[in-house]
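Only heavy atoms go into these numbers, but all of them, side chains included; no hydrogens, no water, no symmetry mates. Every chain is numbered from 1 and lettered A, B, ... according to where its sequence line falls, protein lines coming before strand lines.
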Amino acid sequence: MRRFGQFIPNRLNPISFTNTKPKSTLFKLHPPCRYLAAVRKVAFTADKYPHIKRNPNFKEITDKDISYLTSILSQNALIVDNGTNSSDLTSFNVDWMGKYRGKSRVVVRPKSTEEVAKVLKYCGEKRIAVVPQGGNTGLVGGSIPVFDEMVISTNHLNKIRSFDPVAGILVCDAGCVLEVLDNHLAENGYMMPLDLGAKGSCQVGGNVATNAGGLRFLRYGSLHGSVLGLEVVLPDGTILDNLLTLRKDNTGYDLKQLFIGSEGTLGIITGISISTPKRPKAVNVAVLGLSSFEDVQKAFLKSKEDLAEILSAFEFWDFAALHLCQLYGTNRSEFPLGQYPFYVLIETSGSNKEHDDEKLTACLESLLEASTVQDGVIAQDVSQMNNLWSFREGIPEASHKAGAVYKYDISLPVPVLYKMVEDMRKRLEDSGSFGKDKAITHVIGFGHLGDGNLHLNITAKEYDEDVTKLIEPYVYEWTGKYRGSISAEHGLGLMKANYLGYSKSKPMIEMMRMLKKSIDPNGIMNPYKFLPD
Amino acid sequence: MSNIRILVGCKRVIDYAVKIRVNAARTAVETNNVKHSLNPFDEIAVEEAVRIRQRLPSRVSDIIALSCGSAKSAEVLRTAMAMGADRAIHVEAEDIKLQPLSVAKLFRAIVEKEKPNLVILGKQAIDDDSNQTGQMLAGLLGWPQITFASNVNIEDDNLKVTREVDGGLETLSSKLPAVITADLRLNEPRFATLPNIMKAKKKPLVTYTPQDLNVDITPRLEVLSVTEPPPRQGGGTVGSVDELVSKLKEVGAL
């Protein structure tokens, strides 16, 4: 195999680093034709979950509605299913995992905030249910319709409005792709404060609506902190312009916080102003092999102590996850370490290479001497860094290729984090459904250890009620028992709405309903999701 | 059957993945605050030296990594030692002054000092793409040269090396001592492991200046200017993704 061709794709899965050449590596899903073929087999959500009933108060969209929408929007803004072009709407109706499928016949792609406002005003008046949609990379079925809700896509709201290179404040439309924004900021020596595997496809509006976490949460914090202002269109068509570029503003209730993480149930985010950090001059990546989860925790403590302000990511995965990557992952190069029960990826980012190198090697040396870590490698150049990251970032996609994947994204106290994986494995083994040639093929644990966030992925031959029953609500009950969160960063969407009670008390849920009712009285914004029925 | 002592050349260059820019004065590529690392072909050369030792453990008695350049070149020597080189030599000189002929002369001086019988260099550095140092060094030493190596075999004191040439692959044989330059497909370099990085800290690194070696590195070539290539022209543009999709449908591509 020609190695030069191999040299680029394997090693250049770009994570935003100092002056990295912008590569258009879009988060690669299946090639289009295979995707559509696979997707045709996805069952309708309405058929799979017959207990969800279409709300009869929502208007069915008629030709009259479509003529009106065509008149208020610019050219090519509407896609209407006319019987012959149904495949054009597939990508808007099916989620990334191929788990959910809606029946929307109308997709609207406004080109400006004013167009969004006109559309929502009309939908509010006529009681047409809508689903706001960005990159459609969500993992809890929150971004696609359940029945015939109209999809309002932000795909055409993709302008970067301004960037202040002194303060590092970016103002842009909600439909800008995260990776595109990051590349733009790279030219000025800045970076987006979040990074996730879907960066080539996800849009920043969706990131804000789901309060996305990602790989650098440890260092740059939550969007609740880095978002400075929002421009939101409310369900009655009102445009709320809170697009400040101020770092500090304590005047009144901080309304933007309501919309961050609201998953499209209170309004549509059309514009964002966000504070961006300086791109680090010195980045280091090391991958370590460890014998036990206790060692992983010790390594984390030591890293926090020794690396302190330069620590920018602390990820872990178990051997089962690595094995899955070796079977289905797109990174075909050899993993540089031998077989260990656990692996950790440490990344440091700072302004001084010598200082960072010294801190990192000293920290790793003491971990090695104390036998907390059994072995490890440190990347010597950017290509090696990207290669190492791709072993961690490739895990979700590898799970997806392994079959039907049940994904759980849980926040737990770090000491019991891995116990969930062990208990789940035992439960599934005891049931006789897990193992070679059985319905359930892999159970893997990985995630952002630094944030106490476990990703538990269970792959099965297909999505199946019996398999689901084995896993749920056991996984949520387990989480509730340890006062964890049933959704650390993925959100509630359709998948977890009914389990909200495991993480939030009744009075809290009641107050959420009250807010929803007062902002969206007709309930047209992303119905059937987010709050339990 | 003699002992094999290998000298490997290492150059600190701007990292392969970095987007380069021309400096404001248009005299060179901007190197300030830009990530640097070991030249990829030199990394392959180091890896090959270590693999030769793995294949012939009783014969390879020494692997020396040599770098000519500014003080920061020591970084790439540490990488080379972490990959398996036994010791390192750093000839400290201003990067901007060094050109292939002077580097070849410095290498010759070190070869006369250390007496290796196999020199492995990367085929070219990714900053100047000169592809000259290995050839010039062989000429100065009067040694055989096998360039663009994609496979190296040593039997007794004979080298059998496959080279990549325009027409395909060519296999040459030669006796030691010789100069080999490494091409991309020679091997895939290993990661530097923690234990080896720790050990590398204790390995010896000796520094010389060109004066110590009696080499005159006065540049013989002068760079007049450096400019970016003209932006790409041609190709049609479409107004939107929808237009692209319809154009693709028109030609039957979708």
Side-chain angles (χ1 to χ4, degrees), chain A residues 1-4 6-8 10-12 14 17-23 32-33 75-77 79 88 109 111 155-156 186-187 189 281-283 286-289 333-337 351 353-354 357 361 364-365 367-369 373-388, chain B residues 10 12-21 30-44 46 71-72 74-76 78-80 82-83 126 150 164 183-201 239-243 245-246 248-249 253-254:
Chain A
M1 192 186 152
R2 283 189 63 87
R3 190 178 171 268
F4 194 78
Q6 186 187 345
F7 199 47
I8 298 170
N10 274 349
R11 299 175 131 203
L12 291 183
F17 285 150
T18 323
N19 294 332
T20 308
K21 177 163 46 179
K23 282 270 190 190
C33 39
Q75 261 209 322
N76 287 327
I79 308 179
D88 289 350
R109 295 173 303 174
K111 284 207 167 67
N155 282 350
H156 289 175
E187 311 268 315
K281 296 205 177 82
V283 180
V287 168
L288 315 169
S333 59
E334 211 187 303
F335 188 68
L337 294 175
S351 54
K353 182 174 174 11
E354 283 77 35
D357 284 353
T361 37
L364 295 180
E365 199 171 331
L367 284 173
L368 194 65
E369 270 160 25
V373 159
Q374 302 307 312
D375 197 4
V377 294
I378 304 182
Q380 299 298 313
D381 56 43
V382 177
S383 304
Q384 287 190 350
M385 281 184 216
N386 293 334
N387 192 5
L388 291 179
Chain B
C10 299
R12 180 175 178 268
V13 297
I14 296 180
D15 191 290
Y16 166 75
V18 165
K19 181 176 177 149
I20 56 171
R21 262 168 247 283
E30 184 61 68
T31 53
N32 247 336
N33 281 328
V34 170
K35 174 115 181 70
H36 285 65
S37 51
L38 176 58
N39 183 37
F41 296 107
D42 298 348
E43 206 184 344
I44 294 171
V46 173
K72 293 199 179 163
E75 288 164 11
V76 303
R78 290 283 163 215
T79 300
M83 286 172 70
I126 61 171
S150 64
E164 297 200 358
D183 206 334
L184 199 57
R185 273 162 284 278
L186 180 55
N187 60 47
E188 186 151 353
R190 63 195 58 200
F191 277 89
T193 63
L194 272 184
N196 286 341
I197 293 173
M198 307 304 155
K199 281 191 219 145
K201 283 199 200 161
S240 68
V241 175
D242 292 322
E243 210 184 311
V245 170
S246 55
L248 286 173
K249 279 187 176 164
L254 262 192

How far apart are the closest heavy atoms of B:Pro195 and A:Gly376, and which atoms are they?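 What the structure gives for the nearest pair is CD-O, 4.4 Å.
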
Can you say whether A:Ile378 sits under 4.5 Å from chain B via the side chain, the backbone, both, or neither, judging by heavy atoms?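 Backbone plus side chain of A:Ile378, per the 4.5 Å heavy-atom cut-off to chain B.
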
Under 4.5 Å from any heavy atom of chain B - which part of A:Leu337: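 Neither; nothing under 4.5 Å.
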
Please identify each residue that fulfils side-chain hydrogen bond (donor to acceptor under 3.5 Å, both in side chains) with B:Thr193, with sequence neighbours left out.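 Counting only residues at least two positions away or on another chain, B:Thr193 forms a side-chain hydrogen bond (donor to acceptor under 3.5 Å, both in side chains) with B:Asn196.
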
With a 6.0 Å cut-off (strictly less than), is the heavy-atom count around CD of A:Gln75, excluding the residue itself, greater than 12?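 Atom CD in A:Gln75 is not packed in, count stays at 12 or less.
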
Do other residues, nucleotides or ligands put more than 12 heavy atoms under 6.0 Å from B:Lys201 NZ?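 For B:Lys201, atom NZ is crowded (more than 12 foreign heavy atoms under 6.0 Å).
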
Kindly compute the distance separating [atom1] ([X]) from [atom2] ([Y]), expressed to the nearest 0.5 Å.
X        : Y        : atom1 : atom2 : answer
A:Met385 : B:Lys35  : CE    : NZ    : 4.5 Å
B:Leu194 : A:Leu364 : CG    : CG    : 5.0 Å
B:His36  : A:Lys353 : NE2   : NZ    : 11.0 Å

Going by side chain to side chain contact (heavy atoms under 4.5 Å, CB included), name the residues that satisfy it together with B:Ile126, two or more places apart in sequence or in a different chain.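 Here the qualifying residues are B:Val13, B:Tyr16, B:Asn39, B:Pro40, B:Phe41.
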
B:Phe191 and A:Val287: side chain to side chain contact (heavy atoms under 4.5 Å, CB included), yes or no, with the steps? CA-CA 10 Å; B:Phe191 277 89; A:Val287 168; over 6 Å; no

Qualifying residue, where the test is side-chain contact (heavy atoms from CB on, under 4.5 Å) with A:Gln380 and the options are B:Val76, B:Leu38, B:Ile197: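 Passing option: B:Ile197.
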
Could you go through the side chain to side chain contact (heavy atoms under 4.5 Å, CB included) check for B:Arg78 and A:Thr361 one step at a time? CA-CA 12 Å; B:Arg78 290 283 163 215; A:Thr361 37; over 6 Å; no

Sidechain N-carboxylate O distance under 4.0 Å for A:Asp88, B:Lys249: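 Between B:Lys249 and A:Asp88 there is a salt bridge, with a charged N closer than 4.0 Å to a carboxylate O.
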
Quick check on B:Glu243 against chain A: is it the side chain, the backbone, both or neither that has a heavy atom closer than 4.5 Å?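 No part of it gets close to chain A.
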
Student check: side-chain heavy atoms of B:Glu43 and A:Asp381 closer than 4.5 Å: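 SC-SC contact between B:Glu43 and A:Asp381 confirmed.
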
Answer whether the closest heavy-atom distance between the side chains of B:Met198 and A:Glu369 falls below 4.5 Å.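 B:Met198 vs A:Glu369: side chains apart.
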
Please check: side-chain N/O of B:Asp15 versus main-chain N/O of A:Val382, any donor-acceptor pairing under 3.5 Å?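 It does hold such a pair.
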
